[in-house]
Amino acid sequence: MDINEFKRKYSNESDTKAVCDWLFENVGNEKWSFWLADYKFNGELSGPVWMQSNLIGGFFRNIEEYQKNCFASALVMTNDEGAQKIGMVWLVPGQELPPKFHTVEVGACMAESFDLVKINPLENEKDRDLVTKYFCWTEDKGAFDGYTYASGKIFK
């Protein structure tokens with residue numbers, strides 16, 4: 001699969017769900033992998049949602065060189081009690097995370113700040129639904145284990 005073709009489709013087509021379907025049909029299990037990243041310090045998040053969006057932006061800036069080959073959707077989510085959490089779904093080349101995800105640089109390390117779990121939306125319907133929700137920024141109340149989309153950023 002050509003990641004740039006996917007990025008163009010994602011950016012230019014209005015039906016993001018159809019773009020996700022295209023992705024699942026064209027991405028190969030051998031050449032690409034999906035990763036769920038849950039922020040380890042969600043309990044410490046407070047303040048307006050834009051502050052958490054800025055935090056995501058900081059992580060993205062530290063790994064800018066991967067924009068050519070990777071794609072991610074990062075969400076800030078809230079629940080009815082006002083708690084917030086950050087989660088991301090990454091699409092990366094190969095079966096392992098890029099090396100810089102494990103490197104402490106400029107005070108931010110994905111592996112130190114996020115629980116990173118490989119998921120398989122090509123073989124697991126629950127994972128496919130999760131990737132689709134993240135990539136489509138699903139706004140259904142409680143769609144993310146009781147949390148609702150509040151803000152998002154795309155890494156492309």
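Along the sequence shown, the residues carry numbers beginning at 1.
Here the side chains of Asn4 and Lys68 are not in contact, with every heavy-atom distance at 4.5 Å or above. Here the side chains of Val27 and Leu122 are in contact, with some heavy-atom distance below 4.5 Å. The shortest distance between side-chain heavy atoms of Trp32 and Leu91 falls below 4.5 Å. Using a 4.5 Å cut-off on side-chain heavy atoms (C-beta onward), Leu75 and Trp137 make contact. A heavy-atom distance below 4.5 Å is found between the side chains of Leu23 and Phe34. Between Tyr66 and Ile63 there is a side-chain heavy-atom pair separated by less than 4.5 Å.
A side-chain donor-acceptor contact under 3.5 Å links Asp15 to the backbone of Ala18. Checked by atom type and distance alone, the side chain of Asn26 pairs as donor or acceptor with a backbone atom of Trp22 at under 3.5 Å. Side chain of Asn42 to backbone of Tyr39: a donor-acceptor contact under 3.5 angstrom is found. Using modelled atom types, one side-chain atom of Asn79 and one backbone atom of Ala83 make a donor-acceptor pair closer than 3.5 Å. Distance alone, capped at 3.5 Å, places no donor-acceptor pair between the Gln84 side chain and the Gly43 backbone. Judged by distance alone, the side chain of Glu64 and the main-chain N or O of Phe60 form no donor-acceptor pair under 3.5 Å. Of the possible donor and acceptor atoms, one in the side chain of Ser33 sits under 3.5 Å from a partner among the backbone N and O of Gly94.
Rounding to the nearest 0.5 angstrom, the gap separating the OG1 atom in Thr132 from the CG atom in Leu130 is 8.5 Å. Here the CG-CG distance, from Asp115 to Leu36, works out to 9.0 Å after rounding to the nearest 0.5 Å. How far CD of Glu5 is from NZ of Lys9: 5.5 Å, rounded to the nearest 0.5 Å. Note: Lys85 NZ to Asp145 CG = 5.0 Å, rounded to the nearest 0.5 Å.
Residues Pro98 and Val92 come closest through the heavy atom pair CD-CG1, 4.0 Å. The minimum heavy-atom distance between Met88 and Ala74, with the atom names listed, is CG-CB, 3.5 Å. Across every non-hydrogen atom of Phe41 and Ser113, the tightest pair is CE1-CA, 4.0 Å. Lys7 and Asn69 get closest at one heavy-atom pair: NZ-N, 4.3 Å.
Atom CG of Asn12 has more than 12 heavy atoms from other residues, nucleotides or ligands within 6.0 Å. For Gln67, the CD atom counts as densely surrounded, since its 6.0 Å shell holds more than 12 non-hydrogen atoms of other residues, nucleotides or ligands.
When the side-chain hydrogen bond (donor to acceptor under 3.5 Å, both in side chains) test is applied to Asp129, the partners found at least two apart in sequence or on another chain are Lys133.
In this pair, Phe59 and Phe114 present their aromatic rings perpendicular. The plane angle is above 60°, beyond the 30 to 60° band. Between Tyr10 and Phe6, the ring planes lie tilted relative to each other; the angle falls in the 30° to 60° range.
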**Request:** Show the numbers, then the answer: is there a side chain to side chain contact (heavy atoms under 4.5 Å, CB included) between Phe24 and Val131?
**Result:** CA-CA 10 Å; Phe24 298 138; Val131 170; 3.8 Å; yes
**Request:** Using the side chain to side chain contact (heavy atoms under 4.5 Å, CB included) rule, take Val76 and Ile56 through it: C-alpha gap first, then chi angles, then the decisive distance, then the call.
**Result:** CA-CA 9 Å; Val76 178; Ile56 293 168; 3.7 Å; yes
**Message:** Show, in sequence, the C-alpha distance, side-chain angles and deciding distance for Gln95 and Lys118, and conclude whether the side-chain hydrogen bond (donor to acceptor under 3.5 Å, both in side chains) test is met.
**Reply:** CA-CA 9 Å; Gln95 297 304 306; Lys118 191 174 187 179; 2.7 Å; yes
**Prompt:** Can Phe135 and Val89 be said to form a side chain to side chain contact (heavy atoms under 4.5 Å, CB included), step by step?
**Reply:** CA-CA 8 Å; Phe135 286 10; Val89 169; 3.8 Å; yes
Per-pair distances, 0.1 Å, donor-acceptor, side chain in residues 146-156, under 3.5 Å, sequence neighbours excluded:
| unit_1 | atom_1 | unit_2 | atom_2 | d |
| --- | --- | --- | --- | --- |
| Thr148 | OG1 | Gly142 | N | 2.7 |
| Ser151 | OG | Ser53 | OG | 2.9 |
| Lys156 | NZ | Ser11 | OG | 2.2 |

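Residues Leu55 and Phe144 do not share a hydrophobic cluster, clusters being chains of Ile/Leu/Val/Met/Phe/Trp/Tyr side chains in contact below 4.5 Å.
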